[in-house]
Amino acid sequence: MSPTSSHRADGMSSKYDVLVIGGGNAALCAAIAARRGGASVLVLEGAPKFYRGGNTRHTRNMRCAHDAATEILTGPYTEEEFWKDLLLVTGGQTDEELARHMIRESKDILNWIVEQGVRWQPSLGGTLSLGRTNSFFLGGGRAMLNALYLTAERLGVDVEYDAEVTDLVIEDGMFLAARLKRPIKGETEIRATSLVAAAGGFEANIEWLKQYWGEAADNFLIRGTPYNRGSILKMLLDKGVQEVGDPTQCHAVAIDARAPKFDGGIITRHDSVVFGIVVNKHAQRFYDEGEDIWPKRYAIWGRLVAAQPDQIAYIIFDSTVVTSFMPTLFPPIAGQTVAELASKLELDPAALETTITEFNAAVRPGTFDHTILDDCRTEGITPQKTHWARRIETPPYLAYPVRPGITFTYLGTRVTKEARMLMADGKPSGNMFAAGEIMAGNVLGKGYAAGMGMTIGSVFGRIAGREAARHAKN
């Protein structure tokens, strides 16, 4: 606590230097950076303690630029290569100044995050192909979170769980206080000199999604936390913070249709697309399954499936590839013949047989290698499969039903390089900062590449915390 903090009977102070709303990677990086900057800090996590951490709980890795191989990274990943990858997946829809700033800062994050107690492990294999570009958390996202929470608490950061913020008091672009509802302790008001908003997107708010997607949103599955309902984002936008991003753009992957509505996490994701074909409920293919290396394309499949009838699709493959990708929570559905598989999937057997027969006839011989853009392709069918095309002909025939799995939304608050929120009139806020998914749309106009969400959270979390503390101490 700083000397200005006044304690109350419930252990919380009524006035802090920095208030952080959110409880995931971005929030914790901000809290730690602010505390290391000499500020008194309170973190408000809307979820119960067991579910703390938002979507960070389900993550595995982070993408950072680095100039040379390390103990866990197999080679260099330069700032320019990172920028080109970002440009490719976003189709140029990114704030170049902010994005390049994030990439430059990411080089330092690799070591800084270790200093906060997080440990790395070598990359996982299979279709991920991330050994050179992405660092994997030892023990996954929950272990990473636990390390950050431990460090924050050791430094003297206060954390309040089940802390639902019901209102933000903002005047002339200045944050004054947050009103808080808690299950046992009731309502209270917290004042702070600086605010860091790191409370995620609105992907768990189905009604809000339906404003942009219509009834289709009822068929979406939410991969992460049910607590990311966008309430903080909505308050900020309603109180004059400038918005950024297309509300229909999001990180959305194809996940198992049998997954729970919320919080299924990473084990419901399918990485088998490149090894087979994907058909809709009419048993028709609708996109090139072999367009590019999987980490650069896995996050387009949620939107692709969302555009199909009833938001459902099926990944079809045969028994020759079952050990080629990471297994998921649910087993594949199997049939000794294509017709048997089709009937189990409630697809038209004749239509699926025609699709597979035409696909097999279009496959050209090549040398299969899933780690590179190989020469196994199709000719004479639409859509083409440009790489990794092999005939589907060895029973049993297998399938996974998939639906759009929304990870996080890209509508957010516009920020500066200092992570300071911009107000609708174009002026920077006096004391409000944002980090993580709530401002990811500055960098991600559309598209995604593996590990970028954690990069945005860590980089802008550290910046936001540092700048919020600087403002508070001055």
Side-chain angles (χ1 to χ4, degrees), residues 19-24 26-27 30 43-47 51 54-55 160 162-182 187-190 192 194-214 217-218 220 222 224-252 262 406-415 419-426 428-429 431-445 453 456-457 460-461 464:
L19 176 65
V20 180
I21 302 178
V43 172
L44 297 178
E45 163 61 288
Y51 289 107
N55 288 338
E160 179 92 357
D162 283 308
E164 184 192 347
V165 175
T166 55
D167 193 22
L168 298 174
V169 183
I170 296 168
E171 290 177 13
D172 300 324
M174 290 288 286
F175 167 78
L176 301 176
R179 297 197 173 115
L180 191 60
K181 189 169 76 181
R182 299 167 298 168
E187 298 191 2
T188 190
E189 189 174 274
I190 307 287
S194 303
L195 170 73
V196 177
F202 67 93
E203 64 278 356
N205 189 331
I206 305 298
E207 290 309 308
W208 196 353
L209 289 175
K210 282 167 85 167
Q211 288 179 28
Y212 310 112
W213 288 91
D218 281 329
F220 294 174
I222 312 308
T225 176
Y227 296 95
N228 278 14
R229 297 184 49 78
S231 54
I232 301 302
L233 172 61
K234 190 160 188 1
M235 285 175 214
L236 291 167
L237 298 183
D238 287 349
K239 289 172 188 279
V241 174
Q242 195 180 139
E243 70 175 52
V244 69
D246 174 347
T248 69
Q249 291 292 343
C250 52
H251 176 338
F262 296 101
I406 313 295
T407 315
F408 65 93
T409 45
Y410 291 175
L411 178 71
T413 60
R414 195 178 284 279
V415 298
R420 197 181 285 268
M421 292 185 221
L422 284 170
M423 305 308 291
D425 63 7
S429 162
N431 65 348
M432 296 194 296
F433 304 84
E437 292 171 8
I438 203 168
M439 50 66 65
N442 290 273
V443 175
L444 295 168
I456 292 168
F460 285 102

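All residue numbers in this chain count up from 1 along the given sequence. Computed from a predicted model, the values in this text were never measured in an experiment. What's counted below: heavy atoms across the whole structure, side chains too, no hydrogens, waters or symmetry copies.
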Item checked: Stepwise side-chain contact (heavy atoms from CB on, under 4.5 Å) test for Tyr51 and Thr225 -> CA-CA 8 Å; Tyr51 289 107; Thr225 176; 5.8 Å; no
Next item on the list: May I have the step-by-step check of side-chain contact (heavy atoms from CB on, under 4.5 Å) for Leu195 and Asn431, ending in yes or no?
Entry: CA-CA 6 Å; Leu195 170 73; Asn431 65 348; 5.8 Å; no
May I have the step-by-step check of side-chain contact (heavy atoms from CB on, under 4.5 Å) for Trp208 and Glu203, ending in yes or no? CA-CA 8 Å; Trp208 196 353; Glu203 64 278 356; over 6 Å; no
What residues, two or more places apart in sequence or in another chain, satisfy side chain to side chain contact (heavy atoms under 4.5 Å, CB included) together with [X]?
X: Arg414; answer: Gln242, Val244, Leu422, Asn442
X: Ala178; answer: Leu19, Val165, Leu168, Phe175
X: Asp425; answer: Met423, Lys427
X: Ala199; answer: Ile21, Ile232

- Between the side chain of Thr409 and the main-chain N/O of Cys250, is any donor-acceptor distance below 3.5 Å?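 Pair absent, no side-chain N/O of Thr409 close to backbone of Cys250.
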Which heavy atom in [X] sits nearest to a heavy atom in [Y], and how many Å separate them?
X: Arg420; Y: Pro428; answer: CD-CB, 3.5 Å
X: Ala217; Y: Leu209; answer: CB-CB, 3.9 Å
X: Val43; Y: Gly22; answer: CG1-O, 3.2 Å
X: Ala27; Y: Gly23; answer: CB-N, 3.7 Å
X: Ala434; Y: Ala464; answer: O-CB, 4.2 Å
X: Asn55; Y: Glu437; answer: ND2-OE2, 3.1 Å

Measuring from atom [atom1] of [X] to atom [atom2] of [Y], what distance do you get when rounded to the nearest 0.5 angstrom?
X: Asn228; Y: Ile406; atom1: CG; atom2: CD1; answer: 13.0 Å
X: Leu411; Y: Ile438; atom1: CG; atom2: CD1; answer: 9.5 Å
X: Leu180; Y: Asp167; atom1: CG; atom2: CG; answer: 11.5 Å
X: Leu176; Y: Ile170; atom1: CG; atom2: CD1; answer: 8.5 Å
X: Met439; Y: Leu233; atom1: CE; atom2: CG; answer: 12.5 Å

| said: Are more than 12 heavy atoms, taken from residues, nucleotides or ligands other than Phe262, located less than 6.0 Å from that residue's CZ atom? | reply: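 Enclosed.
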More than 12 foreign heavy atoms under 6.0 Å from NZ of Lys239: is that the case here?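 Enclosed.
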query = Just wondering, do Ile456 and Leu444 contact through their side chains at under 4.5 Å, heavy atoms?
reply =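 Touching, per the 4.5 Å side-chain cut-off.
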**Prompt:** Just wondering, do Met432 and Thr413 contact through their side chains at under 4.5 Å, heavy atoms?
**Reply:**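 A side-chain contact is absent here, since even the closest heavy-atom pair is not under 4.5 Å.
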As a quick check of understanding, evaluate side-chain contact (heavy atoms from CB on, under 4.5 Å) for Lys234 and Asn205, giving each step before the final call. CA-CA 11 Å; Lys234 190 160 188 1; Asn205 189 331; over 6 Å; no
Requested in this report: Name all residues meeting the salt bridge (Lys or Arg N to Asp or Glu O under 4.0 Å) criterion together with Asp218; count only those two or more places apart in sequence or in a different chain, and write none if there are none.
Outcome: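 By the salt bridge (Lys or Arg N to Asp or Glu O under 4.0 Å) rule, Asp218 matches Lys210.
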- Phe220: partners by ring-ring contact (aromatic ring centres under 6.0 Å, His included), with sequence neighbours left out: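 For Phe220, the residues satisfying ring-ring contact (aromatic ring centres under 6.0 Å, His included) (neighbours in sequence not counted) are Trp213.
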message: Under the salt bridge (charged side-chain N to carboxylate O under 4.0 Å, His left out) test against Glu164, which residue among Arg182, Lys181, Arg179 passes?
response: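 Running salt bridge (charged side-chain N to carboxylate O under 4.0 Å, His left out) over Arg182, Lys181, Arg179 with Glu164 returns exactly one hit, Lys181.
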